Number of protein chains: 2
Amino acid sequence: MDVAEGRGGLEKRSGATGGMSANGKPDAPPEGPQGAPREGLRERKRRETLRRITDAGIRLFIEKGHDATTLDDIAAAAGISRRTFFYYFKSKDDILLSLQSGLGDMIVAALRETPPDTRPLDAIRAAIVKVCATIPADDMIVIDRLMRSSPTVQARKQASYVQHEQALFEALRERWPDPQRETRLRLLAMLAVGAMRLASDTLSREGGKRPIIDLLHEAFDALEAEI
Amino acid sequence: MDVAEGRGGLEKRSGATGGMSANGKPDAPPEGPQGAPREGLRERKRRETLRRITDAGIRLFIEKGHDATTLDDIAAAAGISRRTFFYYFKSKDDILLSLQSGLGDMIVAALRETPPDTRPLDAIRAAIVKVCATIPADDMIVIDRLMRSSPTVQARKQASYVQHEQALFEALRERWPDPQRETRLRLLAMLAVGAMRLASDTLSREGGKRPIIDLLHEAFDALEAEI
DNA sequence: TTGAAAATTACACTGAGTGCGATAATATTT
DNA sequence: AAATATTATCGCACTCAGTGTAATTTTCAA
């Protein structure tokens with residue numbers, strides 16, 4: 001019983017990127033032409049199973065703690081075999097990590113959709129705010145708490161911030177390719193990811209008292225004032 | 001065979017903090033009064049064993065790769081039982097991580113020994129440079145390469161940077177307690193750790209062509225120019 | 001010397017993750 | 001519709017990391 005109780009949204013997970021992005025099997029649907037892709041039975045089942053695994057995992061992590069939850073528990077609760085679990089996720093930890101790993105790409109995508117004449121830092125801020133706004137605060141807090149309960153997961157989460165920073169930097173450089181400013185862009189990427197970290201930490205520390213958007217703007221304002 | 005070959009210093013490891021810093025058993029010697037602490041047989045043996053384990057681990061990681069090296073291999077090569085390994089290290093990965101984890105404390109310590117009238121950023125830079133100067137470049141590169149060969153170790157390494165940042169921030173705040181500047185100190189800690197990361201990455205990428213000190217100053221200069 | 005503390009070990013156990021191969025479900029082609 | 005390919009599911013056996021326990025030996029201190 002490491003992490004227990006937990007209030008709001010839990011049966012209606014939302015911004016889950018899906019599993020196995022780095023593995024090879026799922027996460028690459030047939031993709032019909034366009035308009036009415038039809039989505040196929042297989043697709044639907046796959047996503048349902050993915051969802052069932054994720055929900056079962058999170059529920060059990062909350063109920064019994066991360067370490068005390070075995071893969072057999074999760075598989076049983078999700079109605080699949082232990083072996084099938086590994087068809088969807090590379091590891092137990094990836095249940096939680098998969099909810100975080102898509103962030104980097106989402107931010108980069110949002111950055112690209114930003115008006116052409118925006119200043120770099122404003123563009124980054126807008127992209128991050130836009131992405132974070134789509135994630136329910138309750139989910140964010142629950143996931144964050146669970147991640148803290150396992151050192152390995154926590155470490156991988158922090159490592160993913162480094163990935164985000166790298167991806168962000170590359171996206172920035174692609175858009176503002178002036179070599180003179182490369183260092184500045186690197187600094188901005190650091191700063192932006194730092195602001196995300198600060199906001200996320202504060203959100204968890206406060207238990208969701210203030211909305212993540214406010215915390216993000218606050219962090220950006222504070223750091224921007226010092227630059 | 002993930003990571004193979006490896007040139008220079010390997011039998012003469014140096015900046016190893018020792019094991020189990022977070023566990024509970026070793027790493028807390030009886031500590032004689034002062035002057036000639038006498039060091040005791042027990043101490044000496046403990047450190048020798050620690051060294052044997054570390055050297056055996058690193059050698060095997062290089063020879064056969066991180067994953068292909070089992071704890072039995074390491075224990076056998078170090079002349080101890082498998083069970084005794086866990087008396088010295090919490091996990092296989094900690095062999096590598098222990099070489100990194102002491103950095104934070106060393107930097108904080110060096111920061112405290114800095115002249116009283118130094119500017120924060122200069123103090124940080126001096127502290128980091130001082131600590132990094134004590135670590136042989138060859139060791140740094142080998143360790144870094146090994147760490148990259150295991151995703152878990154790599155993640156934990158990056159997580160340790162976050163710890164360093166936090167420790168650094170707290171040390172700074174302790175010395176410049178003005179609440180007005182708290183955000184700036186946080187930014188400086190981010191920046192400093194970022195500079196370390198940049199320098200360390202470049203060192204590995206270049207294979208040690210330029211000394212770490214130069215790279216550090218370069219990174220600090222570049223980032224400082226943008227602030 | 002004697003008794004406490006620390007170090008070493010064996011043994012047995014849990015649980016994560018993998019390789020292999022079989023079978024069933026879905027999709028695609030003819 | 002039947003044949004064929006692809007994908008999903010599963011079981012089994014295996015390796016290996018890591019832990020709990022308890023016994024034994026080595027070092028230290030009184």
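Keep in mind that this is a model prediction, so the values were computed, not measured. All chains are named by letter (A, B, ...) in the order of the sequence lines, taking the proteins before the strands, and each is independently numbered beginning at 1.
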Taking [atom1] from [X] and [atom2] from [N], how many angstroms apart are they, rounded to a whole number?
| X | N | atom1 | atom2 | answer |
| --- | --- | --- | --- | --- |
| B/Glu48 | C/dA6 | CD | P | 20 Å |
| B/Phe86 | D/dA22 | CZ | P | 20 Å |
| A/Leu50 | D/dA8 | CG | P | 11 Å |
| A/His66 | C/dT14 | NE2 | P | 20 Å |
| B/Phe85 | C/dT9 | CZ | P | 14 Å |
| A/Tyr88 | C/dG17 | OH | C1' | 18 Å |
| A/Arg82 | C/dG15 | CZ | P | 10 Å |
| A/Asp73 | C/dG15 | CG | C1' | 11 Å |

What closest approach, in Å, do A/Ile107 and A/Met196 show between heavy atoms, and which atom pair accounts for it?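 Nearest pair, atom of A/Ile107 first, then A/Met196: CD1-SD, 3.8 Å.
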Using the side-chain heavy atoms of [X], tell me which of these nucleotides is nearest: [options].
| X | options | result |
| --- | --- | --- |
| A/Arg42 | C/dA16, D/dT9, D/dT7 | D/dT7 |
| A/Tyr87 | C/dT8, D/dT9, D/dT6 | D/dT9 |
| B/Leu71 | C/dA10, D/dG18, D/dC12 | D/dG18 |
| B/Arg83 | C/dG17, D/dC10, C/dA10 | C/dA10 |

Student check: side-chain heavy atoms of B/Arg186 and A/Leu198 closer than 4.5 Å: yes
Taking side chain as C-beta onward, heavy atoms only, is B/Tyr87 less than 4.5 Å from B/Ile80? no
Where the side chain of A/Ser150 meets the backbone of A/His66, is there a donor-acceptor pair that is under 3.5 Å apart? no
At under 4.0 Å between heavy atoms, what does B/Thr152 touch on the DNA or RNA strands: base, sugar-phosphate, or nothing? nothing
A/Lys45 side-chain N/O to C/dT26 phosphate OP1/OP2 under 4.0 Å: yes
Short side-chain N/O contact to C/dT9 OP1/OP2 from B/Thr84, under 4.0 Å: yes
Tell me whether B/Arg47 at atom CZ has more than 12 heavy atoms from other residues, nucleotides or ligands lying less than 6.0 Å away.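 For B/Arg47, atom CZ is not crowded (no more than 12 foreign heavy atoms under 6.0 Å).
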